[in-house]
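Here's the structure we're looking at; comments come further down.
Ligands are counted one by one from 1 in listed order, and the atoms in each one are counted from 1 as well.
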Amino acid sequence: MRRVWNIVQRAVAPAHNDSRSAELYARARAVLPGGVNSPVRAMQAIGRDPLFIDHAAGAEIFDVDGNAYIDYVCSWGALIAGHAHPAVLEAVAAAAAAGTSFGAPTALEVTLAEQVARRVPGAEMLRMTSSGTEAAMTAIRLARAQTGRDVVVKFAGAYHGHSDGLLAQAGSGLATQGIPTSPGVPAATAAATVVVPWNDPAALQLATERDDVAAIIAEPCPANMGLVPATDGFLELLRERADACGALLILDEVISGFRVARGGESERSGVSGDLIVLGKILGGGLPAAAVAGPRALLELLAPVGEVYQAGTLSGNPLAVAAGLATLTLLDDGAYAALTANTRRLAEGLADAGGAAVSVVWVPGLLTVFFAADPPHDLAGARRCDLAAHGAWCRELLVRGVYPPPSQFEAWFPSLAHTDEQIERTLAAARAAFAAVAGSA
Ligand SMILES: Cc1ncc(COP(=O)(O)O)c(C=O)c1O
């Protein structure tokens, strides 16, 4: 007898074993606060425990239980070429074989600085650090030294790393944890930071009508409250207000640098900062970041000037090699491919999610907001349906897709994501939306 299968799309989650992750999580919590070395990895915002990763290749990541996922975190944007790219591995292996760290200058770091100077508008010189946090902190110190002023204007929902003065309403991890600012930050330090809502020209105007502002610091393409690009004219207004009040404009391109365009958002928007903060892609998946800008500002730094800044592993040869190998891959064809990948994914996700979600994208970044209209600021992002977003992410994970585990983050499509993987992602997304709708 011929058997006829009646296939219906069921909102039942496939079986998903994560027992080894659970065991590791129990061990981890005994020796690492919350079981993790960076808060958002704990996955609390989506209501589940973290997955422990065993290995990865291209756009796929594998956990310790052997589950495979199409990865849209890609080390929070550092891996624009995907995991374990052969050219990056080869460069790192060659560098490692020659010695892992010298604490002395190398030829490769000069080549990397020259490459950055050719790509990023206004980046005449750079000083490397090991993290974006240090680079942003150094940019602030330079701005204060240059202007002789203390106050920093930042935007609610923008994250510039975890240095004291920059933690006020800092989006991302803090938004995820619901912490407006952090205990342990001295009141005097917090008082030197003025926080302004993003995309609010009147509030920016008001905050900069004073003569003690050292810097306006902004993510020109903010991705730490989800992706919330500037509304028309707002980036130009940042430039205008910085000039009007005699402050420096610091553009934090740790995420957008080398991603949204060859020279980052500064190139895409045509609005240049006085200082630019770079990270993530700059280190190609190893720890590297930098503050970049004109000679006149960068040479305030020791040993030329008196502004002190240093780092045992700054310009580490392995990180420099990985960064250079990655930048070498990023030609015009790569940006066209990344744009096509992101568009396909974003349009597919918008189609799958329907009226309940809004998908915002720029080349290499997207966020699926659980709100009918895209937010324009942190308050709008907070109004999203966080419970539904969390449930959707959990459904994606059991269907083999690894999304950033918070509404206040962006997806990081890479050059390694294939059409087939994007199609599989969209099929999983459709099933996950159905499952969430079914359980509502
Ligand atoms: C825009 C931005 N600036 C700075 C940082 C801090 O970089 P790091 O985590 O390397 O300290 C981040 C981290 O995600 C970031 O997104």
May I ask you to say whether Asp377 pairs ionically with Arg382, meaning some side-chain N is under 4.0 Å from a carboxylate O?
-> no
Contact atoms of ligand 1, heavy-atom distance to Ile255 under 4.0 Å | 16 (O)
Take atom CZ of Arg27 as the centre, draw a 6.0 Å sphere, and report whether it contains more than 12 heavy atoms from other residues, nucleotides or ligands.
-> no
Under 4.0 Å from any heavy atom of Gly161, which atoms of ligand 1 are there?
-> 4 (C), 5 (C), 6 (C)
Given Val277, Leu251, Val254, which has its nearest heavy atom closest to atom 15 (C) of ligand 1?
-> Val254
Counting only N and O atoms by type, is there a donor-acceptor contact under 3.5 Å from the side chain of Asn199 to the main-chain atoms of His376?
-> yes
Would you say Glu219 and ligand 1 have an N/O pair spaced under 3.5 Å apart?
-> no
Among all protein heavy atoms, pick out the one at the shortest distance from atom 16 (O) of ligand 1; state its residue, atom name and that distance to 0.1 Å.
-> Asn224 ND2, 3.1 Å
Please check if the distance between the ring centroids of Phe408 and Tyr159 is under 6.0 Å.
-> no
Distance from atom 2 (C) of ligand 1 to nearest protein heavy atom, with residue and atom | Tyr159 O, 3.2 Å
Indicate yes or no: does Arg268 engage Glu265 in a salt bridge with an N to O separation below 4.0 Å.
-> yes
Whether Tyr402 side chain and Ala68 backbone form a donor-acceptor pair below 3.5 Å | no
Out of curiosity, Leu167 CG to Thr193 OG1, how far, rounded to the nearest 0.5 Å?
-> 9.0 Å
Look up atom 11 (O) of ligand 1 and tell me if a protein heavy atom lies less than 4.0 Å from it?
-> yes
Closest protein heavy atom (residue, atom, distance) for atom 14 (O) of ligand 1 = Lys280 NZ, 3.0 Å
Below 3.5 angstrom, do we get any N/O pair linking Gly132 and ligand 1?
-> yes
Of all protein heavy atoms, the one nearest atom 9 (O) of ligand 1 is Thr133 OG1, 4.6 Å
Donor-acceptor contact present, side-chain Arg119 to main-chain Gln115, <3.5 Å = no
Looking only at protein heavy atoms, identify the closest one to atom 3 (N) of ligand 1 and say how far it is in Å.
-> Asp252 OD2, 2.6 Å
His160 N/O to ligand 1 N/O under 3.5 Å = no
